[in-house]
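Notes follow the structure.
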2 protein chains.
Amino acid sequence: MAKPTKTNTPITEHLAYLLAQANREINRQLELRLSKEGVPVEQWRILKVLSDGNGHSMGELAEAVLLNHPTLTKMIDRMVSDTLVYRVQDPNDRRKVLMFISDRGKVLCKKLNSLAVDQEEHILESYGDKPTSELKRLLESLIDSSN
Amino acid sequence: MAKPTKTNTPITEHLAYLLAQANREINRQLELRLSKEGVPVEQWRILKVLSDGNGHSMGELAEAVLLNHPTLTKMIDRMVSDTLVYRVQDPNDRRKVLMFISDRGKVLCKKLNSLAVDQEEHILESYGDKPTSELKRLLESLIDSSN
DNA sequence: CTTCAATTGTTGAATATTCAATATTTTCAA
DNA sequence: TTGAAAATATTGAATATTCAACAATTGAAG
């Protein structure tokens with residue numbers, strides 16, 4: 001009887017590792033583009049979420065931009081100093097703070113969007129149209145299945 | 001003539017965002033499992049890379065485990081204190097340090113591997129066999145195309 | 001009503017990460 | 001062979017993140 005072969009999976013074959021690696025690489029590229037405007041990726045995400053013009057609570061924002069609460073609070077402090085966003089107390093629930101994007105924030109967000117679109121286009125070129133949309137589809141469904 | 005529709009892509013449709021989100025979620029799950037042994041994900045990666053028994057330089061390791069040099073140095077310091085790994089000066093190039101896994105490190109690594117395998121199996125169950133391998137394939141080729 | 005638990009956001013201390021500077025060794029051109 | 005440049009790893013200061021505690025408000029049970 002054959003001994004069961006202990007296939008010690010190399011780290012490069014773990015899904016968690018592949019995701020981390022791909023994320024790191026794509027994020028680095030995006031970071032590089034956005035650095036033209038001196039803005040970290042997280043701030044772009046915040047501006048983008050707020051650019052629907054509605055007020056978003058801190059909790060909601062934290063969830064949407066993948067930051068935990070204290071980190072978000074401190075990043076928002078900086079963005080308020082830079083007058084990119086502002087706080088308004090929620091009149092319906094005074095525990096909450098509603099965040100809004102400022103006019104200056106909107107202008108910056110537009111510039112950042114076009115830098116980000118540049119990157120997406122670059123990916124489409126080097127990686128291909130079909131693989132990209134297929135990858136997006138799979139990622140979405142992975143995320144869904146994890147909740 | 002119709003005005004060109006400004007389709008302001010929501011952040012949730014950007015590849016960079018989907019990758020960040022998926023990575024965050026899967027990493028959180030893995031973290032949770034490994035916390036049973038009180039070990040951060042990065043240390044598991046380090047142990048796994050070193051568990052081939054060969055010496056690996058700091059630069060090589062940093063690349064493999066997705067950490068930059070100073071962060072790795074400080075994490076290795078901790079792991080040396082915990083006698084999970086040890087440093088040896090490279091005899092062929094004395095600028096380099098070769099890292100090796102200790103016996104204690106090997107024992108721990110095995111436990112961690114099985115916790116990680118548990119997670120992969122859990123993903124296979126909830127997400128499916130085919131989507132998982134397809135996702136891995138696409139991630140690998142994305143990473144390739146980014147270099 | 002009143003009180004106690006839950007929710008929301010912020011703060012400060014502890015911890016971790018990053019950037020720039022440093023030390024050491026090797027490489028290579030003159 | 002020598003001296004300058006490149007490669008490798010570490011350090012310390014600056015910065016960022018996280019954890020636990022807190023304050024304020026709301027919800028809900030008695």
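Owing to the predicted nature of the structure, the values given are computational and were not obtained by experimental measurement. Residue numbers begin at 1 in each chain, while the letters A, B, ... track the order of the sequences.
- Annotation: B:Glu42, atom CD; neighbour count of heavy atoms from other residues, nucleotides and ligands within 6.0 Å is above 12.
- In this structure, B:Leu98 places its CG atom 12 Å from C1' of D:dA9, rounding to the nearest Å.
- Shown are B:Arg137, B:Lys130, B:Lys136; of these, the salt bridge (Lys or Arg N to Asp or Glu O under 4.0 Å) with B:Glu134 is made only by B:Arg137.
- Along DNA chain C, read 5' to 3', the first and last nucleotides having any atom under 4.0 Å from a heavy atom of chain B are C:dA16 to C:dT26.
- Here the C1' atom of nucleotide D:dT11 and the CD1 atom of B:Ile76 are 16 Å apart, to the nearest Å.
- Closest non-hydrogen pair, B:Thr132 versus B:Ile123, comes out as OG1-CG2, 4.2 Å.
- Between B:Lys74 and B:Ser57, the residue anchored closer to the 5' end of DNA chain D is B:Ser57, taking for each the nucleotide with the nearest heavy atom.
- In this structure B:His56 satisfies the ring pair (Phe, Tyr, Trp, His ring centres under 6.0 Å) test with no other residue, sequence neighbours excluded.
- The shortest distance between the side-chain N/O atoms of A:Arg95 and the OP1/OP2 oxygens of D:dA24 is not below 4.0 Å.
- Atom-to-atom, CG of A:Asp90 to P of D:dA24 comes out at 18 Å; the value is rounded to the nearest Å.
- The interatomic distance linking B:Asn68 (CG) with D:dA9 (C1') rounds to 13 Å, in whole Å.
- The CG atom of A:Leu47 lies 13.0 Å from the NZ atom of A:Lys110; values are rounded to the nearest 0.5 Å.
- Nearest-nucleotide assignment on DNA chain C puts the 5′-proximal partner with A:Lys96, out of A:Lys96 and A:Pro70.
- What separates CZ of A:Arg94 from P of D:dA23 is a distance of 18 Å, to the nearest Å.
- By the 30° and 60° cut-offs, the orientation of the rings of A:Trp44 relative to B:His14 is perpendicular.
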